K.L.:
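Sending over a structure as structure tokens; questions will come in a sec.
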Amino acid sequence: MKLWGGRFKGETNELVYQFNASISFDKRFYEQDIRGSLAHAEMLGHCGIITADEADRIKKGLTSILDDINAGRLEIDPTAEDIHSFVEAELTARIGDAGKKLHTGRSRNDQVATDMKLYTRDYIDTLDPALKALLTTICNIMAENTETFMPGFTHLQKAQPVTLAHHFGAYFEMFRRDRSRLADIRRRMNLCPLGSGALAGTTYPLDRELTAKLLDFDGPTLNSMDSVSDRDYLVELLSALSLIQMHLSRFSEEIIIWNTNEYRFIEIDDAYSTGSSIMPQKKNPDIAELVRGKTGRVYGALTSLLTTLKGIPLAYNKDMQEDKEMFFDAADTALACVHLFDGMLKSLRFNKQIMERSAAGGFTNATDAADYLVGKGVPFRDAHSIVGQLVLYCIDKNIALDDMSLEEFKAISPVFENDVYDAIAISTCVNKRNTIGAPGPEAMKRTIAAYRDYLDKQ
Ligand code: ARG
């Protein structure tokens with residue numbers, strides 16, 4: 001059933017009909033569409049715009065449609081123009097003329113704006129617990145690894161020793177910010193556009209406060225032109241999803257590096273890796289690679305929507321229908337990536353000895369050797385230079401600082417004593433770093449307690 005046949009004499013060109021139709025993708029939010037219509041019908045009845053009996057029949061009809069779609073008894077007609085036309089036609093087929101009154105005081109413009117907001121809100125309420133589960137996994141791994149030493153890197157060069165807990169803690173911070181961004185977006189978008197009509201409100205005495213309340217919005221939107229053309233919240237959400245993907249992608253990159261034959265810091269469980277069709281020895285980190293790869297399509301959706309919106313004059317224009325497909329794709333992608341990444345992390349085995357051995361090589365304790373000299377009264381700049389000479393000496397002999405004899409130390413600076421070995425041991429380097437946010441186990445235990453508290457409360 002067409003919702004707009006009256007002023008037309010000729011038939012729509014078939015290709016035009018197909019090009020214009022959105023049913024293939026907006027059928028996804030049938031539940032939200034029906035939820036919005038239920039609230040609208042109740043409000044119309046409450047305000048006496050339709051009779052209580054009509055409102056009742058509409059609501060029963062809509063509920064039966066929803067139940068039938070959910071139970072697989074009713075197929076959404078793929079030839080309908082969009083989900084709004086489909087539901088209205090089905091309603092009228094079921095309850096007769098009362099069904100034709102549902103659209104009183106409403107346009108598809110405020111209807112689709114409401115549907116998308118309801119869908120987005122539901123999506124955020126699904127993604128947030130998935131992120132929380134990921135944070136819980138990260139926190140658990142941290143708690144088990146406050147004394148798992150590993151090299152910390154800058155420029156992908158070994159820099160100073162840290163712990164696995166500390167390294168994972170950085171990602172805890174990232175995903176925690178992601179959750180707080182989602183909460184911000186949800187709060188800012190939570191105003192109800194329904195009742196804004198096509199663009200200029202309506203002459204019916206609608207109670208927009210009531211509609212908003214019935215749909216769990218914080219209130220109605222205050223400008224009907226903006227209401228039907230605002231897609232800011234989708235741009236914000238795509239931007240938040242892009243950041244989530246960026247964080248997942250960086251984490252993936254580390255997993256991939258740590259999994260290489262050269263590093264062997266981790267092993268990915270068989271359930272989360274795949275093999276090669278030709279090279280029998282291969283076990284590839286495909287999930288991490290795919291998560292990294294899929295980041296591109298989420299960024300693409302953000303760029304696409306921003307570009308679509310930039311030239312649109314007020315108020316609704318059909319360009320806005322283009323907000324859906326790529327948004328749905330990005331939303332599905334991000335949710336799947338968070339779930340899969342969480343599962344993969346849970347499956348990781350850490351080769352703690354290899355990590356610690358790696359932390360001990362590469363002069364990650366050079367700063368601590370300089371600090372040792374400072375502790376003996378040498379100015380830091382001189383200490384830096386002395387340790388530089390030690391490093392050169394060690395590179396030449398292919399040994400670590402810890403492997404030098406006291407005589408060798410003293411040959412470069414007489415300030416060194418036997419206590420240098422303890423001062424530059426990897427465990428000392430890490431354990432002494434206990435300022436807030438540092439990798440020392442004492443500092444880390446406090447941080448982990450704060451993370452647990454956050455996960456309990458939010
Ligand atoms: N399918 C449309 C969309 O997604 C629904 C709104 C149609 N409004 C209109 N005036 N044609 O945006």
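Whatever order the structure lists them in is the order used to number ligands and atoms, beginning at 1. FYI, side chains are in, hydrogens and waters are out, and symmetry mates aren't considered; it's all heavy atoms of this structure. Fair warning: this is a prediction, and the values are worked out from it, not measured in the lab.
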K.L.:
Residues two or more places apart in sequence or in another chain: which of them pass salt bridge (charged side-chain N to carboxylate O under 4.0 Å, His left out) with R446?
P.N.:
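Not a single residue meets the salt bridge (charged side-chain N to carboxylate O under 4.0 Å, His left out) criterion with R446.
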K.L.:
Does the pair E289/R292 count as a salt bridge with the N-to-O cut at 4.0 Å?
P.N.:
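No, this pair does not count.
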K.L.:
Before accepting this row, confirm whether a basic side-chain N of the pair D122/R35 lies closer than 4.0 Å to the acidic partner's carboxylate O.
P.N.:
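Yes, this pair counts.
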K.L.:
Using 4.0 Å as the upper bound for N to carboxylate O, is an ion pair formed by E81 and R108?
P.N.:
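Salt bridge between R108 and E81, a charged N being under 4.0 Å from a carboxylate O: yes.
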K.L.:
When you pair each N or O of ligand 1 with protein N or O atoms, which pairs come out under 3.5 Å?
P.N.:
residue  : atom   : partner : partner atom : Å
ligand 1 : 1 (N)  : S22     : OG           : 3.1
ligand 1 : 1 (N)  : Q321    : OE1          : 2.7
ligand 1 : 4 (O)  : K324    : NZ           : 2.5
ligand 1 : 8 (N)  : N109    : OD1          : 2.9
ligand 1 : 10 (N) : N109    : OD1          : 3.0
ligand 1 : 12 (O) : Y316    : OH           : 2.5

K.L.:
Among I268, T274, I266, which one satisfies side chain to side chain contact (heavy atoms under 4.5 Å, CB included) with P285?
P.N.:
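Testing each of I268, T274, I266 against P285, the sole residue satisfying side chain to side chain contact (heavy atoms under 4.5 Å, CB included) is I268.
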K.L.:
Below 4.0 angstrom, N of the basic side chain to O of the carboxylate: do K324 and D26 qualify?
P.N.:
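Between D26 and K324 there is no salt bridge, as every charged N stays at least 4.0 Å from the carboxylate O atoms.
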